[in-house]
K.L.:
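Take this structure first; my questions come after.
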Amino acid sequence: MEALQRDIATTARFEDAFDVDLAALDRADFAPDDQTTLDGPGGDPPLVAGVDQAFLDERVVSAIVVLRGAEVVERTHAVSPLTFPYVPGLLSFREGGPILDAFETLDADPDVALFDGSGRIHFRQAGLATHMGLALDVPALGVAKRLLCGTPVADTDRLDAGDSVAIESDDRMDAPPGTVVGHAVQTRQFDSYRINPVYVSPGHRVSAATARDVVLACRGGYKLPEPTRVADAYADEVKADYS
DNA sequence: GCGACAG
DNA sequence: ATCTTGTCGC
């Protein structure tokens, strides 16, 4: 499996190779109750898919929500059996198949997809977002709540909303020393208590800088970017129906 | 043996 | 990820 991941890493493209209109994405308002920017000048915001999962006993709910700004264009999910344990570094072998099951039921073809986990921030530069992006050949990036590996180039405490700190490869990773494999992104912040940043990295056909910009543009007032947040909520909703 | 570890 | 009530504070 590790060999496959190294192969995936060499095939994946950690550079911009897509046509997402970032300017239009910037104009999009992801506030759930705002629809006013959907028909703004310069074209509609791109289709952004959020992917997240919720677990049952021996099964997993894989949810996909596609947004155009704050508008939910499509929601779909799949319930699949779990056949592999959680092993740090091998997450795609546990969650990848189930995620692809869900994508098979998706009609829309998103301009970019956000996965819950790492992309290039991975020992072999082939995290879940990289694996999925390549398998689906869709621009993809990973959004993780915790750092799997790599080293922030500066303190990530006390960052203001909108700030980001590059994450460089460390000696446990395949990437050449000093390679910027992602960013710690502060999507939200308060004056009093500290909110941790999310760790964003390229999956496929997206550069580290663009991955960061996409996540910042998708902020909807919560820690998680809106596509991820609504997919998370949808996964829990579906799980409740199966429990 | 020690350390480190997405979801 | 998941098990879980209340609770302190913008």
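Side chains included, hydrogens not; waters and symmetry mates left out as well; all remaining heavy atoms used. Chain letters run A, B, ... following the sequence lines, proteins first, then strands; residues in each count from 1.
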K.L.:
Categorize Leu90(A) for me: base, sugar-phosphate, or nothing, with a 4.0 angstrom heavy-atom threshold over every strand shown.
P.N.:
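Result for Leu90(A) = base.
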
K.L.:
Is it the case that Arg229(A) places NZ or CZ above or below the six-membered ring of Tyr222(A), under 6.0 angstrom from the centre and within 45 degrees of the axis?
P.N.:
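Pair Arg229(A)/Tyr222(A) counts as cation-pi.
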
K.L.:
Would you say the side chains of Thr105(A) and Thr76(A) form a donor-acceptor pair under 3.5 Å?
P.N.:
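Yes, a side-chain donor-acceptor pair sits under 3.5 Å.
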
K.L.:
Does the pair Glu74(A) and Arg68(A) meet the rule for a salt bridge (charged side-chain N to carboxylate O under 4.0 Å, His left out), with working shown?
P.N.:
CA-CA 10 Å; Glu74(A) 182 179 356; Arg68(A) 171 164 267 142; over 6 Å; no

K.L.:
Check DNA chain C against residues 172-186 of chain A and give the residues with a non-hydrogen atom under 4.0 Å, in numerical order.
P.N.:
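Heavy-atom cutoff 4.0 Å gives no residues at all.
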
K.L.:
Identify whether any heavy atom of Gly142(A) sits under 4.0 Å from a base atom; if not, whether one sits that close to sugar-phosphate; answer base, sugar-phosphate or nothing.
P.N.:
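Answer is nothing: Gly142(A) stays at 4.0 Å or more from every strand.
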
K.L.:
Of the options dT2(C), dC5(B), dG7(B), whose atoms approach the side-chain atoms of Leu148(A) most closely?
P.N.:
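Nucleotide nearest to Leu148(A)'s side chain: dC5(B).
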
K.L.:
So, Tyr234(A) versus His77(A): side-chain donor-acceptor pair below 3.5 Å or not?
P.N.:
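Yes, His77(A) and Tyr234(A) have a side-chain donor paired with an acceptor closer than 3.5 Å.
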
K.L.:
Tell me, which of residues 155-164 of chain A have any heavy atom that sits under 4.0 Å from an atom in DNA chain C?
P.N.:
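Those residues whose heavy atoms fall under 4.0 Å from DNA chain C, taken from residues 155-164 of chain A, amount to none.
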
K.L.:
The side chain of Lys239(A) lies closest to which of these nucleotides: dC3(C), dG7(B), dA6(B)?
P.N.:
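The closest nucleotide is dC3(C).
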
K.L.:
Using a cut-off of 4.0 Å on non-hydrogen atoms, how would the nucleic acid contact of Tyr86(A) be classed: base, sugar-phosphate, or nothing?
P.N.:
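Tyr86(A): base contact, heavy atoms under 4.0 Å.
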
K.L.:
Less than 5.5 Å between centroids and less than 30° between ring planes, does Tyr199(A) satisfy that with dA6(B)?
P.N.:
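Per 5.5 Å and 30° rule: no stacking.
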
